[in-house]
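Excluded from the calculations below are hydrogen atoms, water molecules and symmetry mates; all remaining heavy atoms, backbone and side chain alike, are included.
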Amino acid sequence: HAAELLGEEHRDDTHARLTRIINDNTQRLDRIVGEVLELGRHDRAAPEEIDLLSFCRALLEELALHEPARTTLVAMEIAPKLMIRFDRGHLHRVLSNLLTNALRYSSGGTGAIRMTAELAPGGVALHVIDDGAGISEALRAQVFEPFFTTRASGTGLGLYIARELCEANGASLALRENAPGAHFCIHAQGVS
């Protein structure tokens, strides 16, 4: 709050730059604290039956509210009536994280991201694949580690939390071979 008040004073450029640095770092710390607190809630999963196609359509519509151009970036191939057991809020968080990362690293062209789902042994496999450069072999082992990030403004908790939320729902989140970009797969419990 004090930094915001300082920002309202019109002093020199150095003062404005330093105030902006304080505000940026405060927002970053706030995100980190929020994400760490969310980890404490992952054991409160309330799995329910979710129609995957309807859920993913609604999620993409929500993302499009913030950036309408995003609607053409994601190509979805999910069969109707494909059901999974997952906490709705957790699934929203996991897929939002995967899609945000895919959007960040994709080419940005039409169909740059593919979301596909199919029946798999013991459940349903949901894939999020982008057409970017992929994840280098040197970084693959670190992507799920807490506080690992390649972005200056990132917290490094997104994929770690996504994997933890999947596990809290009896699911798994894995990084597959580049296809050609990053390829993440959620293996969740299906509903018979």
Side-chain angles (χ1 to χ4, degrees), residues 20 24 27-28 31-32 34-35 38 50-80 82 84 86 88-120 123-167 169 171-188:
R20 193 171 43 254
D24 290 348
Q27 289 175 0
R28 184 172 176 266
R31 281 196 318 271
I32 291 172
E35 289 177 352
E38 188 169 328
I50 297 174
D51 180 305
L52 198 52
L53 179 60
S54 297
F55 184 89
C56 290
R57 280 183 178 156
L59 177 63
L60 290 178
E61 287 173 8
E62 181 182 323
L63 291 174
L65 291 175
H66 303 290
E67 283 187 56
R70 289 183 172 183
T71 56
T72 62
L73 299 180
V74 181
M76 203 166 34
E77 299 169 29
I78 300 173
L82 193 56
I84 64 169
F86 219 100
R88 188 170 294 275
H90 290 177
L91 184 59
H92 186 279
R93 176 64 191 254
V94 170
L95 287 177
S96 293
N97 179 274
L98 293 177
L99 288 170
T100 299
N101 285 345
L103 289 164
R104 184 176 296 122
Y105 296 109
S106 73
S107 68
T110 300
I113 299 158
R114 290 182 300 144
M115 284 181 67
T116 65
E118 74 270 348
L119 290 173
V124 173
L126 174 61
H127 305 268
V128 177
I129 306 163
D130 68 64
D131 69 353
I135 298 174
S136 72
E137 201 59 44
L139 300 179
R140 293 178 72 78
Q142 297 173 292
V143 296
F144 291 114
E145 290 181 9
F147 302 108
F148 172 77
T149 184
T150 57
R151 293 182 322 123
S153 62
T155 62
L157 290 171
L159 288 173
Y160 174 73
I161 290 172
R163 187 180 63 180
E164 291 291 311
L165 292 176
C166 283
E167 289 176 3
N169 285 275
S172 64
L173 175 61
L175 173 62
R176 300 270 177 94
E177 290 299 316
N178 292 335
H183 177 182
F184 288 91
C185 179
I186 300 169
H187 189 273

Under 3.5 Å donor-acceptor pairs involving side-chain atoms of residues 52-64, not counting sequence neighbours:
from: S54; atom 1: OG; to: D51; atom 2: OD1; distance (Å): 3.4
from: E62; atom 1: OE1; to: H92; atom 2: NE2; distance (Å): 3.1
from: E62; atom 1: OE2; to: H92; atom 2: NE2; distance (Å): 3.1

How many angstroms lie between atom [atom1] of [X] and atom [atom2] of [Y], to the nearest 0.5 angstrom?
| X | Y | atom1 | atom2 | value |
| --- | --- | --- | --- | --- |
| L126 | T116 | CG | OG1 | 7.0 Å |
| E145 | R163 | CD | CZ | 8.5 Å |
| D131 | Y105 | CG | OH | 14.5 Å |

For residues [X] and [Y], determine if any side-chain heavy atom of one lies less than 4.5 Å from a side-chain heavy atom of the other.
| X | Y | answer |
| --- | --- | --- |
| L119 | L82 | yes |
| L98 | L159 | yes |
| N169 | L91 | no |
| I135 | V143 | yes |
| R114 | H127 | no |
| L175 | R140 | yes |
| L95 | I186 | yes |
| R93 | I161 | yes |

* Could you list the residues that satisfy side chain to side chain contact (heavy atoms under 4.5 Å, CB included) with T100, not counting sequence neighbours? =>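 Counting only residues at least two positions away or on another chain, T100 forms a side chain to side chain contact (heavy atoms under 4.5 Å, CB included) with R104.
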* side chain to side chain contact (heavy atoms under 4.5 Å, CB included) partners of A174, counting only residues at least two apart ->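 Result, side chain to side chain contact (heavy atoms under 4.5 Å, CB included) vs A174: none returned.
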Nearest non-hydrogen partners of [X] and [Y], listed with the distance:
| X | Y | result |
| --- | --- | --- |
| S107 | A112 | OG-CB, 3.7 Å |
| Y160 | P146 | CD1-CD, 3.7 Å |
| A188 | A171 | CA-CB, 3.8 Å |
| L73 | G109 | CD2-O, 3.0 Å |
| V128 | A102 | CG1-CB, 4.3 Å |
| A179 | I129 | O-CG2, 3.5 Å |

* Step by step, would you call M115 with V74 a side chain to side chain contact (heavy atoms under 4.5 Å, CB included)? -> CA-CA 7 Å; M115 284 181 67; V74 181; 4.0 Å; yes
* Parallel, tilted or perpendicular: rings of F184 and F144 (30°, 60°) ->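 Because their plane-to-plane angle is over 60°, the rings of F144 and F184 count as perpendicular.
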* Evaluate the criterion side chain to side chain contact (heavy atoms under 4.5 Å, CB included) for residue pair R88 and I50; output intermediate values, then yes/no. => CA-CA 7 Å; R88 188 170 294 275; I50 297 174; 3.8 Å; yes
* To do: Please check if the side chain of N97 supplies one atom and the backbone of A162 the other of a donor-acceptor pair under 3.5 Å.
  =>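 Side chain of N97 to backbone of A162: no pair is present.
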* For C185 and L173, what are the C-alpha separation, side-chain angles and deciding distance, and is it a side chain to side chain contact (heavy atoms under 4.5 Å, CB included)? -> CA-CA 6 Å; C185 179; L173 175 61; over 6 Å; no
